[in-house]
Amino acid sequence: MPGELITIEWKNNALVLLDQTLLPNQIVYEEFRTAEGVWDAIRVMKVRGAPAIGVAAAYGLYLGIKEASEDSYEQFYQELKKVSEHLGTSRPTAVNLFWALERMERTAEQNKQLPIHQLKNILLEEAILIHKEDEEINRKIGEHALSLFKNGMGILTHCNAGALATTKYGTATAPMYLAHEKGWDIKVYTDETRPRMQGSMLTALELQAAGIDVTVITDNMAAVVMSQGKVDAVIVGTDRVAANGDVCNKIGTLGVSILARNYGIPFYVAAPTPTIDMKAATGDDIPIEEREPSEVINRFGQFTAPETIKVYNPSFDVTPNEYVTAIITEKGIVRAPYKENLKKLFKTE
Ligand SMILES: CSC[C@H]1O[C@H](OP(=O)(O)O)[C@H](O)[C@@H]1O
């Protein structure tokens, strides 16, 4: 792996994204100068992972309004809302997308008195701030999670909640990187995570590149790996946590949590607070994205089922809060009862 992979970069007044649909075989960076281009990059998962989607959307909103009318604030804000609403249609589940867009909208509202050309600069600065904050959030999650880890442990993870899903460190992978920096000998097992294979194509790539002991297993091997005592803890990311602690994450996470519960293995969720949606009372309130059948039956250009077969392809599932040992945020480790303890994270805001 030549050099560090940069998931997202703002360079020469354009958004540069690492095209994750080509990993691990090709490293291709693509430049985006329009909101529509960013919409497509999120939709087809050139950029993916809840935090990364939020950061990309913030830059996408700026790209969509940087040439907007400067005749009046009302006209400008109307155009901004139109771009924001469109970006919000790219993918429905990761709440970070909507959190970032709403934060950019609030920034415009709070600076409505400024000349519009200045307001546009303020919006770019806010997108850059959202980008910078993500790295610090992830490092803090890593530090809190590390208190739950120990040298020599085996860790299982699902999908990619790594540096490739964020700006650096990742969320679920943050303690893995910090443990490695401390010289700990941890062994990571990553589910390949069908159908999009983020575990084998992305998590394996980034952890191996960092020199971390990582092994790919197929999703249906998680049970035997746990039964053999190879797993001391499970840690995953999340796309949206409901106010009661129900956790929405990549399809297959629910099954992993049930297996962990069966084998008495702690099941941790790494969750930046922008991924916690206090407006979603329970997991039932989280929209679950369904994607194209081809992801399941023709993932690599060869049909693995009859071409016209019926396919069900939900991209996410919801793990009930009872199966979650702890939710690890940048503000600290949250345990049950989640409804009251998650609320405490926001009470000062
Ligand atoms: C910290 S990334 C969170 C989350 O996003 C991934 O989904 P996708 O690859 O479809 O964007 C996966 O569910 C990760 O756990």
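Read the numbers this way: they start at 1 and go in the same order the structure lists the ligands and their atoms.
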Notebook entry, point to check: Can you name the side chain to side chain contact (heavy atoms under 4.5 Å, CB included) partners of L254, sequence neighbours left out?
Noted result: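 So L254 forms a side chain to side chain contact (heavy atoms under 4.5 Å, CB included) with S257, I258, D317, T319, P320, Y323.
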Item checked: Partners meeting ring pair (Phe, Tyr, Trp, His ring centres under 6.0 Å) with Y59 (sequence neighbours left out) ->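 In terms of ring pair (Phe, Tyr, Trp, His ring centres under 6.0 Å), with neighbours along the sequence ignored, Y59 is linked to W10, H131.
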Check: Who passes ring pair (Phe, Tyr, Trp, His ring centres under 6.0 Å) against H144, sequence neighbours left out?
Finding: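 None.
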Notebook entry, point to check: Does a salt bridge link R43 with E289, judged by any charged N lying under 4.0 Å from a carboxylate O?
Noted result: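 Counted as a salt bridge, because a side-chain N and a carboxylate O are separated by less than 4.0 Å.
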Item checked: Charged N-O contact under 4.0 Å between R240 and D277 ->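 D277 and R240: salt-bridged.
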Checklist line | For ligand 1, the residues whose heavy atoms come within less than 4.0 Å (ordered by chain, then number) | finding: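 Protein residues near ligand 1 are M45, R48, G49, A50, P51, R91, C159, N160, A161, A165, T171, Q198, G237, T238, D239, N249, K250, F316.
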Margin query: Under 6.0 Å from the ring centre and within 45 degrees of the ring axis: does the NZ or CZ of K331 meet both conditions for the six-membered ring of F346?
Written below: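 Yes, K331 and F346 form such a contact.
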